[in-house]
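So you know, we letter chains A, B, ... as the sequences are listed, proteins then strands, and number each from 1.
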Number of protein chains: 2
Amino acid sequence: MTTEEKIFLAAENEFMEKGFDGTRMQAIADRAGINKAMLHYYFRSKDALFEKIFQEKIKLIFPKIGEDVKKKKSFIEKVEVFIETYYQLLSQYPFLPLFVITTMNKKGNEHFAKNLPVDFFRDFFIASMFEEISQGKIKAVNPLQFAFSVLGMSVFPFLARPAILHVVNGNQEIFEELMKGRVEELKKYVRYILTP
Amino acid sequence: MTTEEKIFLAAENEFMEKGFDGTRMQAIADRAGINKAMLHYYFRSKDALFEKIFQEKIKLIFPKIGEDVKKKKSFIEKVEVFIETYYQLLSQYPFLPLFVITTMNKKGNEHFAKNLPVDFFRDFFIASMFEEISQGKIKAVNPLQFAFSVLGMSVFPFLARPAILHVVNGNQEIFEELMKGRVEELKKYVRYILTP
DNA sequence: AACGTAATTAACCAAATGGTTAATTCCAAA
DNA sequence: TTTGGAATTAACCATTTGGTTAATTACGTT
């Protein structure tokens, strides 16, 4: 692994766990096992390093989900695939939601403006929903509201993990069990909401 | 307004907007229009000040919701009241979710341990749900999963506000409209999910 | 008016932090 | 083997930041 990669990986973890303000350049260097000056050698400044990582991470939010989703015919199936794929992604990067949300709330939305697949979201997701509603295949719910609800339900456990853990008396196993069963449960909710 | 109140109010806003790490004692002092030394005079340290504010804020999360909810007979009605009350609360403190979530993820859960109404949540909410399920009054969904879903749907727009604003082309009015209609939409979803 | 306590301020301090620099080491090409 | 640019390091720097202190002011009580 090259020094640059070491730095990137270390910075990634530090920023994800502690946020921009909470992260120290020295901590990144220590974690990467290299000299602090290397950080500035490869990435100009703390801001630049953070920016690079954030840009890379935000692209993860909507990865190949698009393609997976497009394969499915019915809208309900599309949503189900979305929930599955999204859950897998978040399991791989549990801090991603917190990271993105704190960042976008602190700094302006200039950061993710280019990378949010708004077009896909509006022209494809929303459009295909309108279509099935007018065909009477699904119930007439507000597409935007529905989308934010699915996102909220999917993301919440990853954001509120400490609180949820506390509710289940700190029992990790129960928490994992809960997370595992969540995908099926959410798919059920979606069917209840959308099936006419 | 006493100096202590001025400090508390200013600190509240600073911490809520910028988080613990992002907040500067000087910024609090400036915002309160007083000398920085007063912060330490009234509240020992940054940590102590933050702690006091956090403890006060976290109690807000489950305010008198309990009582409002208990009045209602059917479980669906209970959930509907919860959504309404919760939405009003969050409208008043839009940064509350972000504040609580970032804090509980950074520091341990010692902070909110005492103040999370776990007992109410388990013994009352969950219990009353089990009851209605066994009576066949609502569909058999997992109570915990359902609770986290309602919370997630309720809280999401307050966390992802910048992203949502971006989706609606930065149009504030559309966003407000969306938020206003959200309560009814969520109540609808709950009925779809729970009604047998 | 004098006294004493609480409130307030300006100046200061030590530690932490992001960033720089000059010197040194590596290493591949000539 | 020499050489030149890239990689790496230790030491250093300026600024920021949470916190302290000694002195001053405000103000209710006797």
Side-chain angles (χ1 to χ4, degrees), chain A residues 1-57 95 98-100 102-108 110-111, chain B residues 1-57 95 98-100 102-108 110-111:
Chain A
M1 189 160 45
T2 75
T3 299
E4 188 169 354
E5 287 168 337
K6 276 189 218 160
I7 294 175
F8 201 83
L9 190 65
E12 196 171 279
N13 288 320
E14 286 293 318
F15 279 132
M16 294 257 263
E17 290 170 18
K18 318 204 179 142
F20 181 82
D21 292 323
T23 293
R24 298 292 100 108
M25 294 298 265
Q26 188 59 57
I28 297 177
D30 291 347
R31 190 161 188 158
I34 50 96
N35 188 287
K36 183 163 70 84
M38 299 310 288
L39 302 185
H40 297 90
Y41 181 76
Y42 284 104
F43 310 85
R44 218 173 58 255
S45 63
K46 186 183 183 183
D47 276 287
L49 177 54
F50 179 83
E51 205 61 20
K52 210 150 203 175
I53 287 171
F54 183 76
Q55 291 300 340
E56 195 221 318
K57 284 301 156 208
F95 283 101
L98 184 65
F99 179 65
V100 171
T102 49
T103 303
M104 81 169 55
N105 270 284
K106 206 176 74 87
K107 319 199 167 189
E110 323 95 43
H111 297 270
Chain B
M1 190 157 46
T2 75
T3 299
E4 188 169 353
E5 286 168 338
K6 275 189 220 161
I7 295 174
F8 201 82
L9 190 66
E12 196 172 278
N13 288 321
E14 286 292 317
F15 279 132
M16 294 257 263
E17 289 170 19
K18 317 202 180 145
F20 180 82
D21 292 323
T23 294
R24 299 291 99 106
M25 294 297 265
Q26 189 59 57
I28 297 177
D30 292 346
R31 189 161 187 159
I34 48 97
N35 188 287
K36 181 164 71 81
M38 299 310 288
L39 301 185
H40 297 90
Y41 181 76
Y42 284 104
F43 311 85
R44 216 173 61 253
S45 64
K46 185 184 184 184
D47 276 288
L49 177 55
F50 180 82
E51 207 60 20
K52 208 149 204 174
I53 287 171
F54 183 75
Q55 291 301 340
E56 196 220 319
K57 285 301 158 209
F95 284 100
L98 183 65
F99 179 65
V100 172
T102 49
T103 303
M104 81 167 58
N105 270 283
K106 205 176 73 88
K107 318 201 165 187
E110 323 95 43
H111 296 272

- Item | Of residues 41-49 of chain B, the positions that come close to DNA chain C - non-hydrogen atoms, cut-off under 4.0 Å | B:Y41, B:Y42
- Let me know, please, whether A:Q26 or A:A37 comes out on the 5' side of the other along DNA chain C by nearest nucleotide. A:Q26
- Task: Walk me through it: do B:T102 and B:K106 pass the test side-chain contact (heavy atoms from CB on, under 4.5 Å)?
- Result: CA-CA 6 Å; B:T102 49; B:K106 205 176 73 88; over 6 Å; no
- Query: Among all residues two or more places apart in sequence or in another chain, which pass the side chain to side chain donor-acceptor pair (under 3.5 Å) test with A:K18?
  - Reply: A:E14
- Message: In this structure, how many angstroms lie between the P atom of C:dC13 and the NZ atom of B:K36, rounded?
- Response: 14 Å
- Hey, could you give me each pair passing ring pair (Phe, Tyr, Trp, His ring centres under 6.0 Å) that has a residue in residues 27-48 of chain A? Not counting sequence neighbours. none
- Please determine if a side-chain N or O atom of B:T3 lies less than 4.0 Å away from the OP1 or OP2 oxygen of C:dA7. no
- Item | Nucleotide pairing, DNA chain D (Watson-Crick or G-U, distances under 3.5 Å), in dot-bracket with [ ] and | | ||||||||||||||||||||||||||||||
- Item | Under 3.5 Å donor-acceptor, B:K46 side chain and B:T23 backbone | yes
- Test side chain to side chain donor-acceptor pair (under 3.5 Å) applied to B:E17 - qualifying residues, sequence neighbours left out: B:R31
- Message: Quick check for you: name the first and last nucleotides of DNA chain D, 5' to 3', having an atom under 4.0 Å from a heavy atom of chain B.
- Response: D:dT17 to D:dT21
- Message: What is the distance, to the nearest angstrom, from the CG atom on A:N35 to the P atom on C:dG19?
- Response: 15 Å
- With sequence neighbours excluded, residues passing salt bridge (Lys or Arg N to Asp or Glu O under 4.0 Å) with B:K57: B:E12
- Interatomic distance, CG@A:L98 vs CG@B:N105, rounded to 0.5 Å, equals 4.5 Å
- Message: Can you pull out every ring pair (Phe, Tyr, Trp, His ring centres under 6.0 Å) where at least one residue sits in residues 6-25 of chain B? Sequence neighbours excluded, please.
- Response: B:F15-B:F50, B:F20-B:F50
- In chain order, what residues pass the side chain to side chain donor-acceptor pair (under 3.5 Å) check against B:D30, with sequence neighbours excluded? B:Q26
- Task: For B:A48, enumerate each residue passing the side-chain contact (heavy atoms from CB on, under 4.5 Å) test, keeping only those at least two apart in sequence or located in another chain.
- Result: B:R44, B:S45
- Task: For B:L49 and B:I28, run side-chain contact (heavy atoms from CB on, under 4.5 Å): C-alpha distance rounded to whole Å, both residues' side-chain angles, the deciding distance at 0.1 Å, then the answer.
- Result: CA-CA 11 Å; B:L49 177 55; B:I28 297 177; 4.1 Å; yes
- Task: Check the pair B:E5, B:T2 against side-chain contact (heavy atoms from CB on, under 4.5 Å), reporting the backbone distance first and the verdict last.
- Result: CA-CA 5 Å; B:E5 286 168 338; B:T2 75; 3.4 Å; yes
- Note on the structure: Tightest non-hydrogen contact, residues A:L39 and A:M25, listed as CD1-O, 3.2 Å
- Note on the structure: Note: contacts of residues 17-25 of chain B with DNA chain C (heavy atom, under 4.0 Å) are none
